[in-house]
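Okay, structure first, notes after.
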Amino acid sequence: MDDNNKKRQSGDPKKTRTNIIICIVAAFFAFGLIVFLNAELQKNTKKEITYTKFIEMLKEGQVKKVTFGSNVIYIEPETAEKVAMIKVTYYTGYVNDTALVQDMLNKYNVEFTAEIDDRGSGILEFFLAYILPFVGMWIVLWLLMRMMTRNGGGGIMGVGKSTAKMYVEKETGVTFQDVAGEEEAKESLTELVDFLKNPGKYKKIGAKLPKGALLVGPPGTGKTLLAKALAGEANVPFFSLSGSDFVEMFVGVGASRVRDLFKQAQSMAPCIIFIDEIDAIGKSRGSQYGGNDEREQTLNQLLSEMDGFDSSKGIVILGATNRPEVLDKALLRPGRFDRRIIVEKPDLKGRIDVLKVHSNDVLMDDTVDLEKIALATSGAVGADLANMVNEAAIMAVKDGRSAVAQKDLFEAVEVVFAGKEKKDRILDKEEKKIVAYHEVGHALITTLMKNAEPVQKITIVPRTMGALGYVMQAPEEEKYLKKKDELITEIVTFMGGRAAEEIIFGDVTTGASNDIERATSIARAMITQYGMSEKFGMMGLESIQDQYLDGRTVMNCGDATESEVDREVMKLLQECYEKAYKLVNEYKEVLHKLAAYLVEKETITGKEFVSIFEEETGIAVKKKDDKEDEESTEGEEGDQKETEES
């Protein structure tokens with residue numbers, strides 16, 4: 001079966017070369033056939049005339065050559081007549097005229113000859129003129145049909161054939177060991193693998209194999225990788241398609257392909273069918289546009305086929321989407337897609353595991369700490385992390401080193417999130433100074449606020465994604481919940497750059513646009529979604545749509561309430577800005593010192609920033625370890641006090 005699957009798998013370079021050769025040979029053959037038929041037409045195009053007309057042409061000197069056949073005379077005129085650019089030869093019936101030959105010799109001086117009766121050459125001429133062209137055209141059509149069948153098109157009349165590509169374990173080369181950060185999803189799929197391999201123990205207790213499972217999650221989390229890993233683990237035929245493969249211009253073609261797909265699957269059961277981006281055909285049906293379009297017919301056929309096949313044969317259908325809310329309810333009911341497997345963004349442990357998987361084949365030195373990279377990449381998906389490791393390896397090669405260092409990985413994180421350094425964009429002294437004060441304003445607020453994350457790096461080197469500078473913060477631990485104070489701290493931190501600009505230069509710039517956008521988003525979410533407003537309390541005023549894509553929000557209140565929400569957001573932002581302004585203005589001297597140092601160096605680390613801050617202010621910046629030691633000491637003192645009292 002493996003050899004057959006290899007032959008059927010599309011994208012094989014040998015098949016591509018063979019198809020190209022077949023096309024070239026067919027083109028040359030068709031060209032030669034056209035030339036041959038044109039020559040035959042020129043040779044065999046004849047026009048009948050009367051014998052009297054023939055004698056008149058002889059007398060007028062219009063005959064160039066005469067050929068006597070067994071019962072016909074062929075006349076080649078001096079001035080050739082042409083019909084549709086083809087030369088015409090005249091012919092007439094043979095008359096027993098003995099004087100004709102003498103007249104052509106003595107009187108008209110015309111060249112003449114007689115045909116030799118060769119029946120074999122007549123048969124050959126008939127074969128070349130009639131049989132060979134027909135055989136040639138048949139060969140060309142056969143080659144084209146064979147080529148289309150190999151490519152999965154099902155031949156010239158196979159528009160309704162399935163275009164599924166089939167993978168088995170040797171082709172995919174992926175197992176669950178290659179998938180990290182999605183333990184719950186792997187556990188759900190492992191049950192399907194066990195059912196396919198050992199159906200007896202499930203049937204014994206009366207359990208039925210789920211007909212379908214829906215993989216749901218944001219882009220890049222590894223839904224397709226999980227499906228391929230399932231194929232590798234189960235070692236059964238694996239049909240992989242995209243939802244758009246079923247959508248065609250002609251109504252009924254998609255439904256025909258669905259029927260053909262399930263027919264193939266039943267003949268090769270047990271097997272797995274994977275339909276990526278299933279929302280392309282599975283969108284909810286609506287009556288306002290009618291129900292006779294191609295997509296709805298395809299969906300109806302899919303629903304019918306999922307009801308019709310016997311799950312005991314071992315056919316499992318996997319669907320993948322990042323828009324589950326648009327899927328038709330009939331597609332999600334029990335008996336069709338029985339399970340919904342959530343493939344979420346990995347947590348801290350998951351990101352560490354993903355980084356380990358992607359760094360297995362990458363040489364790394366002793367400075368690499370994947371846990372710190374994982375902490376700095378909160379919200380990244382598996383595809384982002386794989387890209388970061390690859391970018392770090394490329395940077396190490398560019399620098400002439402044989403192994404990846406920790407600085408390469410951190411630089412790769414910046415490249416993925418902020419873009420590459422834009423070396424051709426040179427800021428003048430005034431702009432450079434403004435950007436430096438802006439970024440130091442952010443970092444200063446981060447250091448002074450209680451719940452802020454520590455500074456990892458400050459830079460004023462422009463990036464390709466539009467940032468003229470930024471402050472990189474590295475969280476000390478993974479958090480799944482945020483307190484109100486922590487959210488306010490984030491807003492105040494975003495306001496620090498604008499506050500520094502206004503305090504130092506007495507004017508503001510456009511550099512705070514992204515800060516304002518993000519601060520406004522947090523403030524609005526606090527009031528409309530998190531119930532952190534004194535005025536509205538626990539009232540939900542906003543809902544999220546497309547949570548696995550852009551996560552855009554939609555207001556669920558009247559216009560008057562929405563106006564009140566805007567006023568509350570404005571009030572909260574103004575309070576946070578006043579707080580940021582007060583803090584930056586209080587530490588104006590250290591702001592000057594840090595900004596001057598940043599203008600000189602362009603990029604400074606968190607350690608350098610903290611060192612200058614502590615030197616100028618005399619305030620020790622507490623780290624996570626210091627806080628834990630302090631809490632531990634307070635706990636010991638409390639225990640000792642209780643012992644003395646007792």
Side-chain angles (χ1 to χ4, degrees), residues 179 181-192 209-230 239-247 254 258 261 272-289 291 293 295-307 311 315-347 350 379-384 480 525 529 540 542-556:
V179 182
E182 302 293 344
E183 299 306 319
E184 293 78 12
K186 284 199 294 183
E187 183 179 349
S188 299
L189 292 177
T190 303
E191 294 176 8
L192 295 178
L209 176 67
K211 285 189 176 182
L214 192 65
L215 301 173
V216 178
T221 49
K223 297 184 290 296
T224 304
L225 184 66
L226 273 169
K228 288 185 178 181
L230 178 62
F239 294 89
S240 175
L241 304 97
S242 173
S244 59
D245 290 336
F246 296 104
V247 180
V258 171
L261 172 64
I272 298 169
I273 301 172
F274 175 60
I275 305 176
D276 198 6
E277 305 297 344
I278 196 172
D279 51 274
I281 58 171
K283 284 184 182 177
S284 182
R285 292 164 292 183
S287 59
Q288 64 269 28
Y289 301 112
D293 65 305
R295 185 184 59 78
E296 286 199 9
Q297 283 203 16
T298 305
L299 175 58
N300 291 336
Q301 187 64 44
L302 178 62
L303 297 174
S304 175
E305 292 290 343
M306 290 187 73
D307 282 340
S311 62
I315 301 177
V316 176
I317 305 173
L318 291 180
T321 183
N322 37 47
R323 295 197 299 165
E325 63 277 355
V326 304
L327 294 179
D328 196 278
K329 300 301 181 185
L331 197 64
L332 302 177
R333 74 159 175 80
R336 286 172 181 155
F337 282 99
D338 299 292
R339 294 190 175 190
R340 178 177 293 196
I341 300 172
I342 306 299
V343 188
E344 281 282 6
K345 294 180 180 180
D347 56 10
V381 296
D384 293 330
Y480 300 99
Q529 297 177 42
E542 206 171 46
S543 60
I544 299 176
Q545 293 187 351
D546 295 336
Q547 60 174 330
Y548 296 118
L549 293 176
D550 56 358
R552 64 186 183 90
T553 56
V554 178
M555 295 296 292
N556 298 326

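In what follows, every heavy atom counts, from backbone to side chain, and hydrogens, waters and symmetry copies are set aside. From a predicted model like this one, the values you see are computed outputs, not experimental measurements.
- Nearest heavy atom pair, residue Glu542 against residue Met555, reads OE2-SD, 3.3 Å.
- Annotation: side chain of Thr224 is not in contact with side chain of Leu215 (no heavy-atom distance under 4.5 Å).
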Side-chain polar contacts of residues 316-324 - donor-acceptor pairs under 3.5 angstrom, sequence neighbours left out - could you list them?
residue : atom : partner : partner atom : Å
Thr321  : OG1  : Asp279  : OD1          : 2.8
Thr321  : OG1  : Arg323  : N            : 3.0
Arg323  : NH2  : Asp279  : OD2          : 3.2

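- Taking NZ of Lys223 as the reference point, atom CD of Glu182 lies at 9.5 Å (rounded to 0.5 Å).
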- Test Phe274 against Leu230 for side-chain contact (heavy atoms from CB on, under 4.5 Å), laying out the working first. CA-CA 10 Å; Phe274 175 60; Leu230 178 62; over 6 Å; no
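- Residues that satisfy the side-chain contact (heavy atoms from CB on, under 4.5 Å) test with Glu184, not counting sequence neighbours, are absent from this structure.
- By the side chain to side chain donor-acceptor pair (under 3.5 Å) test, Ser543 pairs with Asn556, sequence neighbours left out.
- Atoms CG and NZ, from Leu225 and Lys228 in turn, are 8.0 Å apart once rounded to the nearest 0.5 Å.
- Distance OG/Ser242 to CD1/Ile278: 10.5 Å, rounded to 0.5 Å.
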- side-chain contact (heavy atoms from CB on, under 4.5 Å) between Leu332 and Arg340, intermediate numbers included: CA-CA 9 Å; Leu332 302 177; Arg340 178 177 293 196; 3.5 Å; yes
- Tell me, with the steps shown, if Leu226 and Lys186 meet side-chain contact (heavy atoms from CB on, under 4.5 Å). CA-CA 8 Å; Leu226 273 169; Lys186 284 199 294 183; 3.8 Å; yes
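- The CG atom of Asp347 lies 9.5 Å from the CD atom of Glu183; values are rounded to the nearest 0.5 Å.
- Contact detail for Val179 and Ala229: the closest heavy-atom pair is CG2-CB, 3.8 Å.
- Summarising the geometry of Leu299 relative to Lys283, their closest heavy-atom pair is CD2-O, 3.7 Å, with the distance given to 0.1 Å.
- Pairing each heavy atom of Pro346 with each of Ala380, the nearest pair is CD-O, 3.6 Å.
- A 4.5 Å side-chain heavy-atom check between Leu189 and Leu192 finds at least one atom pair inside the cut-off.
- One finds the CD1 atom of Ile281 at 5.0 Å from the CG atom of Leu302 (value rounded to the nearest 0.5 Å).
- Counting non-hydrogen atoms of other residues, nucleotides and ligands closer than 6.0 Å to CD of Glu325 gives a total above 12.
- Two residues are said to be in side-chain contact when any heavy atoms from C-beta on lie closer than 4.5 Å; Phe337 and Leu327 fail this criterion.
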